[in-house]
Colleague: 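Sharing a structure here in structure tokens format.
Letters A, B, ... mirror the listed sequences (proteins, then strands); counts begin at 1.
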Amino acid sequence: MKGASMTREKRKIVNVEFIAQTVFTVCAFFAVMAVVSITLYMIWNGTPAIFQVGIKEILFSSTWKPTAEDPSFGILYVILTSIVGTVMAILIGVPIGLLTAVFLAEVAPKKLVAIVKPAVELLAGIPSVIYGLLGLMILNPLMYKLEQFLFKGSETHQFTGGANLISAVIVLAVMILPTVINISESAMRAVSPQLKAASLALGASHMQTIFKVIIPAAKSGIISAVVLGVGRAIGEAMAISLVSGSSVNAPLPFNSVRFLTTAIVSEMGYASGLHRQVLFTIGLVLFVFIMIINIALSKLLKKGENAND
Amino acid sequence: MKKNTVKKLITAIGVSALMLASLTGCGSTEEAAAETTEVVEETVAEDAATEVAEAEETVAEETTEETAENTDLSGTITMAGSTSMEKFANALAESFMAKYPGVTVTAEFTGSSAGVESVLAGSVDIGNSSRNLKDEEVANGAVENIVAIDGIAVVTDAANTVTNLTKDQLISIYTGEIKNWSELGGEDLAIVVVGREAGSGTRGAFEEILGIEDACAYANELDSTGAVMAKVASTPGAIGYVSLDVLDDTVIALTLDDVEPSAETIKSGEYFLSRPFVMATNGEIAEQSEAVQALFDYLQSDEGKELVASVGLIVVD
């Protein structure tokens, strides 16, 4: 009797196991489906224009006149803007973020951490459109004043009212801060306390220990923080569409510029025919960029794991 | 040994209970999601239903008022022409077909000249043109039926002292030749040229009327009328263009060649920053098919006028 009930129990467990496994598989399949279908859709919609216009013309021409009698679809400036804007945002955001992480992980007293850390986490949760609005209301007028001061009497400069590359870069730099801070902080906290103790015991000062021991030991985590920051910066659309002016120009600091993301957002509404297809191609270019960043990230993480082993 | 099995049993029960809980959790959220979608569908369906019902009511009313012909009217109307008229033509086709279910209206957007060519060649019933017909087109038998007027206002921030521009000045500003308000009699303030994105109907009309297609040097290309208004209102020295119907106190609407932008001055033809929406026919309207005549009658009706106003255009009397 007892044996029979046991097998029934066992069968029940097997059933539960089976059901649970199916549920998990279906859930996992969802994500994979989404990735595969998005990839296929982007390639399907993004490639026709490449053949019609020519990949050279799209990627290496700087004239963007999609609705002209004789249209030209060069997105060189748009690509360059995305690259330059992202690099500049990283150059500003990463040092600030990294030093904040050092502060949080090593320097700050516990009470201060209890204030700063939630503030940083809150920063991560603010919707991008809010960043954009603040940039539009506060940053742009300030930039306009600076622009009027710098280019006073200039014959060649086109005044943009403060909507320029610098505004966009500052907004992006603030937006990547929480990503950089959170990930590099946990990387630094994960550094083995023995390393730190050994360094201090050898007579190194606290600051020497931070810069010579802890940061190098947390290198792979910090690099992945930077790469994720790049991903966030290059994919952002809403905030920078409000502050960058959205004209296609070379990515110079006081020029009104258009990023890959904002190029799609700003013209999708009324675009038709080939123009629309080229916008999908821009999407494909952006997609390739982000894929490259993701692959680089996973390579780096793997390398880091191997190094840690 | 026994303790172990008991433990296992307990864990198994625990796990299955958890699983069940999570499953039902899953189920309920799914159901909830399904319900919301159903609700949405229902409201959509209801809306559609009420719309149809309203449409039917109006149709019914009018049929009783006029003749019983309306509901019997059947046939097809083909249009081709201006891409700027796409929004208007689609709205017209949709509401006209809702009123006369027997009629099919199709619209293609090939450009004004191509549209007039098609109507003269007889391949379509109506040629849409967002400009006045040319003399040779009229000579070939095209009839200009102006159904609506598209008007654009030029706006600056409220502190600007320049209140009037000539056509040439406006062209110079937008092509980047004039860069400072002082050149136009205003203060020493840089001009921030604000415009719409490529593909926008307002931008198309603005550039077409001034004859500066794709020659504009924009400092800001914004993707909505509201964004242009906000940018111009908040930026000293900015200039922008918007549809006439969105003007408010946050900006100044400039007079052009000393003419105020308003429905009256546009209708009288004094204000140059406007263009007619022409639905050209091959020969007079009276010579067209019943369905085409009904379409023009519809545009003359109050309903038609409402439709014209609803897409931001000026009604012609």
Colleague: With a 4.5 angstrom heavy-atom cut-off, is it the side chain or the backbone of B:Leu189 that approaches chain A, or both, or neither?
Modeller: side chain

Colleague: What distance separates B:Asp188 CG from A:Lys152 NZ, expressed to the nearest 0.5 Å?
Modeller: 5.5 Å

Colleague: Could you walk me through whether B:Asp223 and A:Met268 pass side chain to side chain contact (heavy atoms under 4.5 Å, CB included), step by step?
Modeller: CA-CA 9 Å; B:Asp223 56 6; A:Met268 211 37 146; over 6 Å; no

Colleague: Shorter than 4.5 Å, heavy atoms on both sides: which option in B:Pro236, B:Ala227, B:Gly176, B:Ala238 has the most such pairs with chain A?
Modeller: B:Pro236

Colleague: In a table with atom names and distances, give each donor-acceptor pair under 3.5 Å that connects a side chain of residues 201-212 of chain B to protein atoms at least two apart or in another chain.
Modeller:
residue  : atom : partner  : partner atom : Å
B:Arg203 : NE   : B:Glu207 : OE2          : 3.2
B:Arg203 : NH1  : B:Arg196 : O            : 2.9
B:Arg203 : NH1  : B:Glu221 : OE1          : 3.2
B:Glu207 : OE1  : B:Asp214 : N            : 3.1
B:Glu207 : OE2  : B:Tyr218 : OH           : 2.8

Colleague: Any donor-acceptor pair under 3.5 Å linking the side chain of A:Ser256 with the backbone of B:Asn220?
Modeller: no

Colleague: Heavy atom to heavy atom, less than 4.5 Å: which residues from residues 240-254 of chain A reach chain B?
Modeller: A:Gly245, A:Ser246, A:Ser247, A:Val248

Colleague: Measure A:Gln148 against the heavy atoms of chain B and call it side chain, backbone, both or neither at under 4.5 Å.
Modeller: side chain

Colleague: Please determine whether the number of non-hydrogen atoms from other residues, nucleotides or ligands lying under 6.0 Å from atom CD of B:Glu94 exceeds 12.
Modeller: no

Colleague: What are the two closest heavy atoms between A:Asn140 and B:Lys231, and how far apart are they?
Modeller: ND2-NZ, 3.5 Å

Colleague: For chain A, which of B:Ala230, B:Ala198, B:Ala190 has the most heavy-atom pairs under 4.5 Å?
Modeller: B:Ala198

Colleague: Pick one of side chain, backbone, both or neither for A:Thr156, based on which atoms fall under 4.5 Å of a heavy atom in chain B.
Modeller: backbone

Colleague: Other residues, nucleotides and ligands only: do more than 12 of their heavy atoms fall within 6.0 Å of OH on A:Tyr77?
Modeller: no

Colleague: Quick one: side chain to side chain donor-acceptor pair (under 3.5 Å) partners of A:Asn164, sequence neighbours excluded?
Modeller: A:Ser167

Colleague: What's the shortest heavy-atom distance between A:Thr160 and B:Ala219, and which atoms?
Modeller: CA-CB, 3.8 Å

Colleague: Heavy atoms only: give me the nearest A:Gly161-B:Thr235 pair and the separation to one decimal.
Modeller: CA-CG2, 3.7 Å

Colleague: For A:Trp64, check side chain to side chain donor-acceptor pair (under 3.5 Å) against everything at least two apart and list the hits.
Modeller: A:Glu267

Colleague: Taking atom CG of B:Asp248 as the centre, report whether more than 12 heavy atoms of other residues, nucleotides or ligands fall under 6.0 Å from it.
Modeller: yes

Colleague: Looking at A:Gln158 and B:Ala217, would you say the former's side chain and the latter's main chain have a donor-acceptor pair under 3.5 Å?
Modeller: yes

Colleague: Take B:Asn180 and A:Phe159, measure what side chain to side chain contact (heavy atoms under 4.5 Å, CB included) needs, and give me the verdict at the end.
Modeller: CA-CA 10 Å; B:Asn180 198 302; A:Phe159 283 83; over 6 Å; no

